[in-house]
Amino acid sequence: MKSNMATQSITYREALNQGLREALQNDKRVFLMGEDVGRYGGAFAVSKGLLQEFGEERIMDVPLLEAGFVGAGIGAAMAGMKPIIEIMTVNFSLFAMDQIVNNAATLQHMSGGQLNVPLIIRMGSGIGRQLGAQHSHSWEPFYAHIPGLIVLSVGTHEDARSMLYAALQSPDPVLLFEYTMLLNLEKEIATDLPIASIAKAKVLREGKDISIITYGTGVYKSLEAAAELATVGIDAEVIDLRVLRPLDEATFLASIAKTHRVLIVEDAWRSVSISSEVSARIMENGFYNLNTPVQRLCGIEVPIPYPAHLEEAAIPQKNDIISAVKKMLYRN
Amino acid sequence: MDAKKGLLLLYQMLLIRRFEEKAAELYTKAKIRGFLHLYIGEEATAVGIMQALTDNDTVLSTYREHGHALARGIDPDVIMAEMYGKIEGCSRGRGGSMHLFDASKNFHGNNSVLSGNLSIAVGMALASKKQKKNNIICCFFSEDDITKCEFQEAQNLAALWKVPVLFVCENNLYAKGNAVRYSHTVVELEKKGIASSAVDGMNLIKVMQAANAAVEKIKSTGKPCLLICNTYRFRAYSMFDVELYRAKKKVEEWKRRDPIPQFEQFLLQQQWITESEIVGFESKIKTKIQKALDFAEESAREPLEQLTKFVYTEI
């Protein structure tokens with residue numbers, strides 16, 4: 001089978017770009033709106049070439065007003081369009097939080113099911129490049145807290161290529177966290193990917209000794225850690241949560257039933273995080289399958305500092321994952 | 001305007017007034033809970049604006065929205081049931097007084113805490129433009145929105161995109177307790193240069209003229225308009241407000257400009273209505289409101305098993 005499958009070597013940026021092009025080609029109602037998405041080609045060059053291909057009607061540059069254009073996206077979505085809103089980085093989404101939390105997430109409910117907001121919000125996210133405390137946020141837990149939103153984390157090239165299409169089929173608002181640290185990273189993926197699920201987590205590496213549950217930039221770090229652990233005889237399973245709301249509990253509970261050990265890895269601050277939630281679900285529904293207590297590697301609880309060595313130390317790295325796993329398996 | 005239309009508009013204003021008086025009474029009896037913001041005194045604005053719109057236009061409202069909903073033609077029965085939190089309410093009881101929705105009437109009620117509706121309206125108008133629908137999105141808001149950046153953002157986008165939004169600012173002179181004179185450099189907000197026009201919001205005929213002109217302008221140019229209606233709420237900000245910020249005398253002064261008697265006088269002068277017909281109107285409305293109340297009382301409550309319905313679309 002594998003030999004028949006055509007593949008392409010592609011950067012995460014190109015994968016996102018292909019996903020956007022496909023969305024715009026497939027459905028006339030789709031349009032992309034955000035700061036610098038048109039003439040500039042996207043703050044991170046993700047939408048490069050799209051203005052030339054699809055025109056100003058469908059690739060809309062907007063002024064700097066997150067609340068304004070997210071609100072406009074909600075309005076357009078309710079009125080029958082399929083807007084894809086790009087918030088340049090997740091840091092700026094705070095300006096639009098009222099629109100996202102109070103309007104996008106509530107309108108279906110408040111209207112007793114009369115209204116839908118089929119809106120996509122894409123946000124550059126992640127920590128690195130020494131951007132300092134105000135430009136290095138992991139707001140996945142904020143948004144994953146909100147009923148009415150679907151929160152997706154685009155941790156792999158496959159998902160960068162195919163998740164948007166699936167998200168566009170949703171009648172409800174979807175937030176896509178994309179990771180700017182991955183943009184230049186090149187990977188080999190299948191040219192024809194199956195339609196992505198926006199309901200399921202994914203086991204990216206099967207293993208029997210421990211389950212590493214992660215998302216976002218934790219995914220490739222965990223896979224690399226697992227590859228190294230394999231060289232010392234530790235067989236780690238790696239799960240990319242992908243869907244942070246609603247959480248796919250079944251996939252990670254099944255994994256734990258097999259491995260009996262779990263390490264949760266994320267960049268977000270430990271307190272009240274995605275890992276807190278996953279850990280609680282395991283406690284509630286998987287406790288008797290555990291051989292050791294759930295362990296977590298999270299962001300250190302500090303505003304992300306500017307110096308490179310402190311920044312690096314503030315979030316889990318591959319070696320931290322390796323050490324934590326070895327410790328849990330008493331293989332120091 | 002002719003006699004028939006005049007009578008309809010008077011009927012609508014009276015219906016709003018009496019409906020809200022009943023709502024206030026029901027609030028004191030704990031039949032209606034949460035926040036209840038009454039529109040009494042401002043009826044000419046809702047009725048004058050709404051008559052200028054067609055069924056294809058969309059209306060976004062504020063948290064002081066019963067008047068808008070009634071003037072849009074939503075059945076008082078389902079509005080009352082909504083305020084009772086009952087299943088037959090226009091938002092299935094999930095919204096309450098502040099969140100009245102009726103998609104079949106393109107009435108999007110109050111979508112927001114404050115000001116969020118402004119850019120949502122712009123987005124709906126953008127969709128209309130893209131879909132070549134040739135309709136108008138009418139967005140009511142209040143003078144306290146003008147100080148917020150959301151207002152500036154929405155105005156900028158609407159003008160930039162040249163989309164058909166009718167922004168209607170209901171300036172009733174008080175945010176909650178803070179008077180306009182303490183939050184703006186001028187009380188006459190039209191002097192800020194934000195509006196296409198301003199009108200005496202206590203005078204139905206003047207509101208109608210301004211609304212019709214604005215709608216015509218939007219239809220012919222495709223561009224947004226902002227109309228300020230200078231008005232006054234006779235009642236407290238909400239049922240929790242003890243009104244320490246204004247003198248009773250001031251309210252009484254404004255009541256002399258009550259839009260309903262003003263318009264009744266006009267109709268009487270035109271000999272389009274008689275005193276006894278007005279009394280007949282009152283009794284018809286009384287019956288209608290009693291019917292709404294009975295409907296709300298009898299409507300069922302949402303079963304508890306349905307608590308988490310309408311959070312995500314069921315596919």
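Within every chain, numbering begins at 1; the chains are lettered A, B, ... in the order of the sequence lines, protein sequences first and strands thereafter. Every value quoted in this text rests on a predicted model; they were computed, and no experiment measured them.
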| request: I would like to know whether Leu65(A) and Gln152(B) meet side-chain contact (heavy atoms from CB on, under 4.5 Å); could you show each step before the answer? | output: CA-CA 9 Å; Leu65(A) 32 75; Gln152(B) 178 61 34; over 6 Å; no

| message | One pair to check against side-chain contact (heavy atoms from CB on, under 4.5 Å): Met98(B) and Met110(A). What are the steps and the verdict? | response | CA-CA 10 Å; Met98(B) 292 193 292; Met110(A) 288 199 308; over 6 Å; no

| request: Start with the C-alpha distance between Gln131(B) and Met81(A), add both sets of side-chain angles, then the distance that settles side-chain contact (heavy atoms from CB on, under 4.5 Å), and finish with yes or no. | output: CA-CA 9 Å; Gln131(B) 296 158 348; Met81(A) 300 300 288; 3.4 Å; yes

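The most heavy-atom pairs under 4.5 Å with chain B, out of Ser170(A), Ala79(A), Ser111(A), come from Ser111(A). When each of Glu82(B), Arg92(B), His108(B) is checked for heavy-atom pairs under 4.5 Å with chain A, His108(B) comes out on top. Contact count versus chain A (heavy atoms, under 4.5 Å) is highest, among Val311(B), Thr313(B), Leu100(B), for Thr313(B).
Between Leu115(A) and Ala103(B), the shortest heavy-atom distance links the atoms CD2-CB, 4.3 Å. Considering every non-hydrogen atom in both Met33(A) and Trp161(B), the closest pair reads SD-CH2, 3.5 Å. Ala72(A) and Leu157(B) make their closest contact through CB-CD1, 4.4 Å (heavy atoms, listed as atom of the first residue, atom of the second, distance).
Within 6.0 Å of NZ in Lys219(B) there are more than 12 heavy atoms belonging to other residues, nucleotides or ligands. Residue-environment remark: NZ (Lys48(A)) stays at or below the threshold of 12 foreign heavy atoms within 6.0 Å. The neighbour count for Gln134(A) CD, taken as heavy atoms of other residues, nucleotides or ligands under 6.0 Å away, does not exceed 12. In His184(B), the NE2 atom is crowded: over 12 heavy atoms of neighbouring residues, nucleotides or ligands sit closer than 6.0 Å. Environment of CZ in Phe92(A): crowded, with over 12 heavy atoms of neighbouring residues, nucleotides or ligands closer than 6.0 Å. For Lys162(B), the NZ atom sits in a loose shell: 12 or fewer heavy atoms of surrounding residues, nucleotides or ligands are nearer than 6.0 Å. Applying the 6.0 Å contact sphere to CD of Glu284(A) captures more than 12 heavy atoms from other residues, nucleotides or ligands. Remark: Glu56(A) CD is loosely packed, at most 12 non-hydrogen atoms of other residues, nucleotides or ligands lying under 6.0 Å away.
Residue Asn156(B) touches chain A through its side chain alone, counting heavy-atom pairs closer than 4.5 Å. Heavy atoms of Phe95(A) lying under 4.5 Å from chain B are absent altogether. In this structure, chain B has no heavy atom under 4.5 Å from any part of Val70(A). At a 4.5 Å heavy-atom cutoff, the contact between Lys309(B) and chain A is made by backbone atoms alone. For Leu160(B), the part lying near chain A is the side chain, with the backbone staying farther off; criterion is any non-hydrogen pair under 4.5 Å. For Cys149(B), no part sits under 4.5 Å from any heavy atom of chain A, backbone or side chain. For Ile146(A), the part lying under 4.5 angstrom from a heavy atom of chain B is the backbone only.
A distance of 7.0 Å separates CG of Asn103(A) from CG of Asn117(B), quoted to the nearest 0.5 Å. Summarising the geometry, atom CD belonging to Gln114(A) is positioned 8.5 Å from atom CZ belonging to Phe101(B); distances are rounded to the nearest 0.5 Å. For the atom pair His109(A) NE2 and His99(B) NE2, the distance stands at 10.5 Å (nearest 0.5 Å).
In this structure, Tyr312(B) contributes its side chain and Leu149(A) its backbone to a donor-acceptor pair below 3.5 Å. A donor-acceptor contact shorter than 3.5 Å is absent between the side chain of Glu150(B) and the backbone of Ala67(A).
Side-chain contact annotation: Gln99(A) with Ser119(B), donor-acceptor N/O pair under 3.5 Å present.
Between Leu126(B) and Met60(A), some side-chain heavy-atom pair lies under the 4.5 Å cut-off. Glu66(A) has its side chain out of reach of Glu153(B): every pair of non-hydrogen atoms, C-beta onward, lies at least 4.5 Å apart.
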